[in-house]
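Some notes on the structure that comes next.
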There are 2 protein chains.
Amino acid sequence: MASSIHDLARHLNISIGTVSRALNGRADVNADTRQRVLDAAKKLNYSPNQSGRSLRQGATHSIAFMLQPHPGDQQYGEPFFIPFLIGLQGRLAESGLDLTVVMGAPGDYQQERLRRVVETRRADAVLLAWTRREDERIDYLTQVGFPFATLGRSRSGGKAYPSLDLDFEKAGGDAVDRLVARGHRRIAAIRPSLNLNFSYLFLDGYRKALKRHGIEVDPALIADGFINEAGGYQVTPRVMQAKDRPTAIIFNNDAMALGGCKALAEMGIRPGHDIAVTVIVDTPLCRYFSPALTAFRPPLEPMGRRLAEMLLASLPAFAGPGGPRIIHEVWPLELIARDSD
Amino acid sequence: MASSIHDLARHLNISIGTVSRALNGRADVNADTRQRVLDAAKKLNYSPNQSGRSLRQGATHSIAFMLQPHPGDQQYGEPFFIPFLIGLQGRLAESGLDLTVVMGAPGDYQQERLRRVVETRRADAVLLAWTRREDERIDYLTQVGFPFATLGRSRSGGKAYPSLDLDFEKAGGDAVDRLVARGHRRIAAIRPSLNLNFSYLFLDGYRKALKRHGIEVDPALIADGFINEAGGYQVTPRVMQAKDRPTAIIFNNDAMALGGCKALAEMGIRPGHDIAVTVIVDTPLCRYFSPALTAFRPPLEPMGRRLAEMLLASLPAFAGPGGPRIIHEVWPLELIARDSD
DNA sequence: CGTTTTTCCGTAAACGTTTACGAGAACACA
DNA sequence: TGTGTTCTCGTAAACGTTTACGGAAAAACG
């Protein structure tokens, strides 16, 4: 049933070596025989056994993307990543690589699963998302010398790996600028806990922009909570209880914004009327919420493509003529003005 | 660096055969030597090369879950599946199996990717979701005799594969019952197009319940659209233009409900006040939306665990003493009453 | 003590590829 | 014609495992 290279060879009365060379497009095979091999391969529905290839070549031809729910986050997930994955997979496929998403159990922050992938050599490289400020995954991978790239920056591992990130700092500043221009002075910031790197960047941008406008940074207007609806719901009332009530809130996460708006609604506060709401990472949620939420949108699919390219460029086997290169890029977020501010 | 079974053997001065047997827990190896092997394995940080194992055993020890955005659905994804995947991965890990999620490019409905997985033998079995009424993936897999299980039922492929589904028919009926009990007679149904199987089940339940209550089924109150926010947004006004305006809408999809509520808001119609809204599959969205949406909730994580178990039970290599069994189950959806109806 | 059974381990083949090496044939060139 | 080059292909080893087979040593048994 599963036809092997031997079947092809027997069928054509040539050696398996020639068949392999023909299939792999090597130069030292007659054009005529190559065609015959290709035809036979199609006819016998042949496709190479990956285990065999991997074993011989020491490469799996697949890239692992580590996807993991945050600890305790049983209910919701990562819609954010889907368009990103589409771009990723598209670009990888062009280079003959498979993308496999490996799920971690919630809570262990991927370390165990990551080790498993690396040690059993299930992938040729790994893609990490939601990098933390100090990231043990990055430490581990650099230590064992396993190729990887990250979506997001980190302090860990030096800069010896490709990374693509969004400019959360600028977005945080732009959000403040826009709100200040609209007359706001009391601006709250709500961000995820866990030491996610983008959350720090966002806060930096927020703080710097306030200072630029001569506005004092009030700790009572800054809060962090769990990175989902429940977290936003829980933490938003806290900033609303500040002595001098905020007239605007910037949420660093769409899910938290959703929960926060729920909390606001229960307090009788209407986004867009009684308070201005801005969200840093846009998803379709923001668009279809009532009122539609002003948000900063990342070009997710192009980001996926680009990160794939950057990863490939760093791998000796795929790098272009110039040899392997480590590329770092930071992309801007585009403001989508809607009704909530 | 990557230590092989040969390194272990050399280090212990025994043959690789013995090492392998010790590692795999076979009976014909001395308890003492086994311990020495295990210790050495830990010390040398050995873990078996998957390609080697797979090649020899003809099994990859991994299960593929096919995840694919619907054609044209660039923006949003499958948050629905995350808890499901957690359950799945947890149960598979207990049997030493890896779960890899394989992404398809949007649009080709997975056929090409599926073939690729099957033909290159990257997984031992496949898990399909969002089954269609007539499903070419199922036809293909049964035809080539590749093991699989499905989340959702289908007309294709006979019944020779395990399947776990939710009782959308009952949920559709229950939703109608509840609305009728609250005085509604004009009840609209909005569901995804594409011939997704659950969408038909839902509609069947809806229709039967209406008839049970002596209410005529009005085609003007039934609409289908694309399975995302945009689809709901686009199609909801259509049912609202029916001669005798509906006083309630049942959405068969949470994303469509979100889009639909946006459309309603633009028409000045408030869910929970001017119209009753019920959603068949609950997500955190429904809970945090304003107003919170009444919805039917599936136990996603247990479903994942259970489907993994059912798949394993159907595989000769993992089936229990009774031999392989094909199990079919249909689980109920639990109504979560909130504020929208 | 001799025979049979059990325990334990080494040998080697096999899984399906890729690829270094070498060799025969055809060709080019003087 | 002789020599060197090019084209094409077969041979066989190698990747890291698992496992059937057989055999030596130890244990059990009479």
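Bear in mind the structure is a predicted one, so any value in this text is a computation, not a measurement. Sequence lines set the chain letters: A, B, ... in the order given, protein chains first and strands last, and positions in each chain run from 1.
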Note to self: Without decimals, in angstroms, what is the distance between Ile16(B) CD1 and dG16(D) P?
What the structure shows: 11 Å
Check: If you count the non-hydrogen atoms of other residues, nucleotides and ligands that lie under 6.0 Å from NZ in Lys159(A), is the total more than 12?
Finding: yes
Next item on the list: Under 4.0 Å from any atom of DNA chain C, heavy atoms only: list the residues of residues 17-32 of chain A that qualify, in numerical order.
Entry: Gly17(A), Ser20(A), Arg21(A), Asn24(A), Arg26(A)
Notebook entry, point to check: Atom CD of Gln50(B) to atom C1' of dG16(C): distance rounded to whole Å?
Noted result: 17 Å
Margin query: Quick one about Asn197(B) and Ser154(B) (side-chain donor to acceptor, distance below 3.5 Å, no hydrogens or angles considered), yes or no?
Written below: no
Next item on the list: May I ask you to decide if the ring planes of Phe84(B) and Phe65(B) are parallel, tilted or perpendicular, using 30° and 60° as cut-offs?
Entry: tilted
Next item on the list: Give a yes-or-no answer on whether the side chains of Arg116(A) and Thr120(A) include a donor-acceptor pair shorter than 3.5 Å.
Entry: no
Check: OP1 or OP2 of dG16(C) sitting under 4.0 Å from any side-chain N/O of Arg56(A)?
Finding: no
Next item on the list: Would you mind telling me which residue lines up with the more 5' stretch of DNA chain C, Ser15(B) or Gly52(B), judged by nearest nucleotide?
Entry: Ser15(B)
Notebook entry, point to check: Separation of Ile5(B) atom CD1 from dG16(D) atom C1', in whole Å?
Noted result: 8 Å
Margin query: Distance check, rounded to the nearest 0.5 Å: Phe148(A) atom CZ versus Thr142(A) atom OG1?
Written below: 5.5 Å
Notebook entry, point to check: Asn49(A) side chain: which of dT19(D), dG16(C), dG10(D) is closest?
Noted result: dG16(C)
Note to self: Tell me whether the side-chain N/O atoms of Ser54(A) come closer than 4.0 Å to OP1 or OP2 in dT17(C).
What the structure shows: no
Margin query: Pick the closest DNA chain C nucleotide for Thr33(B) and for Gln57(B) by heavy atoms, then say which residue is nearer the 5' end.
Written below: Thr33(B)
Item checked: Euclidean distance, atom CG of residue Asp7(A) to atom P of dG16(C) [Å, nearest integer] -> 8 Å
Next item on the list: Could you walk me through whether Thr18(A) and Ser15(A) pass the side-chain hydrogen bond (donor to acceptor under 3.5 Å, both in side chains) test, one step at a time?
Entry: CA-CA 5 Å; Thr18(A) 304; Ser15(A) 79; 3.2 Å; yes
Notebook entry, point to check: Whole Å only: how far is the CD atom of Glu119(A) from the P atom of dG16(D)?
Noted result: 16 Å
Next item on the list: Specify the separation, in whole Å, of atom NE2 of His6(A) and atom C1' of dC15(C).
Entry: 10 Å
Notebook entry, point to check: Between atom CG in Leu8(B) and atom P in dG10(C), what is the gap in whole Å?
Noted result: 14 Å
Item checked: Salt bridge Glu112(A)-Arg115(A), side-chain N to carboxylate O under 4.0 Å -> no
Note to self: Between P on dG16(D) and CZ on Arg122(A), what's the gap in Å once rounded to a whole number?
What the structure shows: 17 Å
